[in-house]
Amino acid sequence: MSHAINFFVSSPSRSPASLTISRPSAFVSTGSLRVPVKKSSRSFVVKASAASDLDESQSSPVLVSENGSGGVLSSVTKEYGRNNAVASSADSSSIEVDTVTEAELKENGFRSTRRTKLICTIGPATCGFEQLEALAVEGMNVARINMCHGTRDWHRMVIERVRRLNEEKGFAVAIMMDTEGSEIHMGDLGGASSAKAEDGEIWNFTVRAFDPPLPERTITVNYDGFAEDVKVGDDLLVDGGMVRFEVIEKIGPDVKCLCTDPGLLLPRANLTFWRDGKLVRERNAMLPTISSKDWLDIDFGIAEGVDFIAVSFVKSAEVIKHLKSYIKARARDGDIAVIAKIESIDSLRNLEEIIQASDGAMVARGDLGAQIPLEQVPSEQQKIVQLCRQLNRPVIVASQLLESMIEYPIPTRAEVADVSEAVRQRGDALMLSGESAMGQFPEKALTVLRTVSLRIERRWREQKRREVIELPSIASSFSDSISEEICNSAAKMGNAEKCITNGTHPCSMLTFL
Ligand SMILES: Nc1ncnc2c1ncn2[C@@H]1O[C@H](COP(=O)(O)OP(=O)(O)O)[C@@H](O)[C@H]1O
Ligand SMILES: C=C(OP(=O)(O)O)C(=O)O
Ligand SMILES: [K+]
Ligand SMILES: [Mg+2]
């Protein structure tokens, strides 16, 4: 048994448009959840329905035109005209399309079969209307805004642009708001976009507040207990170990640290400290998952009608349940899907109940890799993805999928293998972070995600065609079992025949004769 979870974004001008996240599961579907988007009276539906995820007619995202006929976004290629948002089709009910390239249009006959959804973190590199449109054309399904960065006015501007893109150009891009969470992190570097820490340099980590500019080699820390909690000899990991320091001296609110692994410091990067090879987490465990600032951001998200709220550093199911009832009481026309970010040891400990309580989960590998040994991250990813599939929850694989593309136009082969693996595991969505927020090649990175996803998905379909059908025996009498054998043989031969027409070696048919 398999089924699909559909993400619909319907707009008054062109409704309903839907995005489908589909995946097989041994479990029966759970029903549907309708979420309103107030400003544009757009609605968002998470709906489960019976469908095979390898069935092209069921698994592809759908954009449907005003009159209900299937259509394709004309803005995807110059050839199809940018102003006319929807093209008509002969068979209105069966055409299912996504944003597609011209090549895909030709190859698939106006049908995109991509089931893996693509999420882009929006930042300075992609917040312009045209940049957002370029991402939508490349296949962005969800725009993510990270409340760790930027002001609410900035995020509102991005939300308005995405809504305008949907209304004017016919896209169906959803909005995901990601909470800051109350983990320990650095300040904003006094306005600098980054700072380089070199091997052997001494930096001052302090809880004192400064007016910009900051004194040289100074990092402010958001957590008052920081200087108290660290000890001389502790390792201080920035952004999950991208830069590493050793604590060498404590002077009141200042902590002097020696850079032992050089690298680029980014504003508001996360900080973790390790003692004797173990993460120090006593204080972290006491911090609330949703801080008072996060609650204000959540109110903002509800007022703006975001489609998803991703909760950072979830520790238990309780916080998800609390947030869901909070949203239910406040969101006017419905609901907002709550995504649990799995990025801490606590979330791994309470994984099943957290996923059960959530509408979906994110494997947030960036911070997860700072909390557990790096070599454990791939197996945890696999476990989370599998569990989400069993529990019928969509799952996002996030962080560093194409990290090198922040600077370079092509990915490393290892990155391509990582993306392929996430799709092969049947992750429902892949997410770009720095690659799209502040990288030099956001569109190219998205193209890599799209093409790799399509390639792996095509492979499943080919494999599926070759699969030997296992048909359970259900006959209760001798004559029924004869009928059953005949039917089973016919089904197997039909399947084998399909293999031949698809180029499979005819010898494979022998198995069925
Ligand atoms: N709204 C924003 N304004 C400015 N910079 C941003 C914004 N969103 C993201 N960025 C930049 O992109 C980087 C990667 O984004 P993301 O992964 O969402 O954040 P983080 O690295 O804090 O987890 C951030 O470190 C930050 O430098
Ligand atoms: C997605 C993640 O969270 P954020 O980018 O908000 O730190 C992560 O840690 O992998
Ligand atoms: K965040
Ligand atoms: Mg994180």
Side-chain angles (χ1 to χ4, degrees), residues 119-128 131-132 135 142-159 161-162 175-195 222 237-243 263-272 284 287 289-291 293-294 297-298 300-301 306 308-315 339-348 361-372 377 396-403 405-407 430-442 445:
I119 305 175
C120 300
T121 303
I122 305 304
T126 40
C127 61
Q131 290 160 326
L132 289 166
L135 290 179
V142 180
R144 170 203 186 228
I145 47 172
N146 187 351
M147 303 313 278
C148 232
H149 306 280
T151 60
R152 284 190 201 115
D153 283 344
W154 186 91
H155 294 297
R156 186 178 293 109
M157 175 199 75
V158 172
I159 293 170
R161 285 179 181 167
V162 173
I175 304 274
M176 176 183 291
M177 191 194 91
D178 193 323
T179 64
E180 176 169 336
S182 49
E183 295 290 294
I184 305 169
H185 60 76
M186 309 183 341
D188 64 5
L189 296 177
S193 60
S194 64
N222 74 328
L237 271 65
V238 179
D239 203 5
M242 302 311 280
V243 189
L264 210 57
L265 302 167
L266 295 173
R268 305 175 76 79
N270 239 287
L271 295 176
T272 43
N284 281 22
L287 295 171
T289 302
I290 301 181
S291 68
K293 190 247 181 196
D294 289 338
D297 286 339
I298 287 165
F300 164 83
V306 299
F308 302 88
I309 294 179
V311 187
S312 293
F313 294 101
V314 172
K315 297 186 183 95
I339 305 291
K341 289 174 70 185
I342 309 301
E343 52 184 345
S344 65
I345 293 178
D346 296 294
S347 60
L348 291 177
M362 183 193 295
V363 191
R365 306 184 304 180
D367 284 300
L368 190 60
Q371 299 229 344
I372 60 172
V377 174
I396 303 160
V397 178
S399 292
Q400 299 183 355
L401 284 163
L402 297 171
E403 190 76 359
M405 292 191 78
I406 291 177
E407 282 180 77
L430 305 173
M431 189 172 105
L432 294 176
S433 290
E435 302 94 328
S436 56
M438 47 69 149
Q440 291 181 45
F441 305 99

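Just so you know, ligand 1 is whichever comes first in the structure, and atom 1 is the first atom listed for that ligand. All heavy atoms count here, side chains included; hydrogens, waters and symmetry mates do not.
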message: Do R365 and L401 have side chains that approach each other closer than 4.5 Å (heavy atoms only, starting at C-beta)?
response: yes

Taking only non-hydrogen atoms of T121 and a 4.0 Å limit, the atoms of ligand 1 in range are 18 (O)

With a 4.5 Å heavy-atom cut-off, do P442 and L432 have their side chains touching?
no

Listed as residue and atom, the protein N/O/S atoms under 3.4 Å from the K ion (ligand 3) are N146 OD1, D178 OD1, T179 O, S312 OG

Protein-side N, O or S atoms sitting under 2.8 Å from the Mg ion (ligand 4) are E343 OE1, D367 OD2

Q. Is there side-chain contact between I396 and F308, with at least one heavy-atom pair below 4.5 Å?
A. no

Exercise. Is the side chain of E435 donor-acceptor paired with the backbone N or O of A445 at a distance under 3.5 Å, no angle test?
Worked result: no

Residues R144 and I119: closest non-hydrogen pair is CB-CG2, 3.9 Å

All heavy atoms of L265 vs all of L189, minimum pair found to be O-CD1, 3.5 Å

Any atom of ligand 1 sitting under 4.0 Å from a heavy atom of P124? yes

Of all protein heavy atoms, the one nearest atom 17 (O) of ligand 1 is S433 CB, 3.2 Å

Is the shortest distance from a heavy atom of D367 to ligand 1 less than 4.0 Å? no

Closest non-hydrogen atoms of S399 and G366, given as atom of the first, atom of the second and distance, are CB-N, 3.5 Å

Polar contact flag for H149 and ligand 1 (N/O pairs, less than 3.5 Å): yes

Can you check whether R268 has an N/O within less than 3.5 Å of an N/O in ligand 1? no

Check your understanding: If we only count heavy atoms from C-beta on, is the R152 to M147 side-chain gap below 4.5 Å?
Key -> yes

for atom 1 (N) of ligand 1, nearest protein heavy atom and its distance come out as W154 CZ3, 3.2 Å

Review point. Is a side-chain donor or acceptor of T179 paired with a backbone partner of S312 at a separation under 3.5 angstrom?
Key: yes

Within the side chain of D294, is there an N or O that forms a donor-acceptor pair under 3.5 Å with the backbone of S291? yes

ask   = Does a donor on one side chain sit under 3.5 Å from an acceptor on the other, for S344 and D367?
value = no

protein heavy-atom neighbour closest to atom 16 (P) of ligand 1 works out as N146 ND2, 3.6 Å

Would you check if the side chain of H185 reaches a backbone N or O of D239 as a donor-acceptor pair within less than 3.5 Å?
no

Quick look: I122 vs ligand 1, heavy-atom contacts under 4.0 Å, and the answer is backbone

Correct closest heavy-atom pair for A310 and M362 would be CB-CE, 4.2 Å

Check your understanding: Would a distance-only check, ignoring hydrogens and angles, find a side-chain to backbone donor-acceptor pair under 3.5 Å from Q131 to A125?
Key -> yes

Tightest non-hydrogen contact, residues I342 and A361, listed as CG1-CB, 4.4 Å

Under 3.5 Å between any N/O of R144 and any N/O of ligand 1: does that happen in this structure? yes

The atoms of ligand 1 lying under 4.0 Å from a heavy atom of G434, numbered in the order shown, are 14 (C)

protein heavy-atom neighbour closest to atom 11 (C) of ligand 1 works out as M438 CG, 3.6 Å

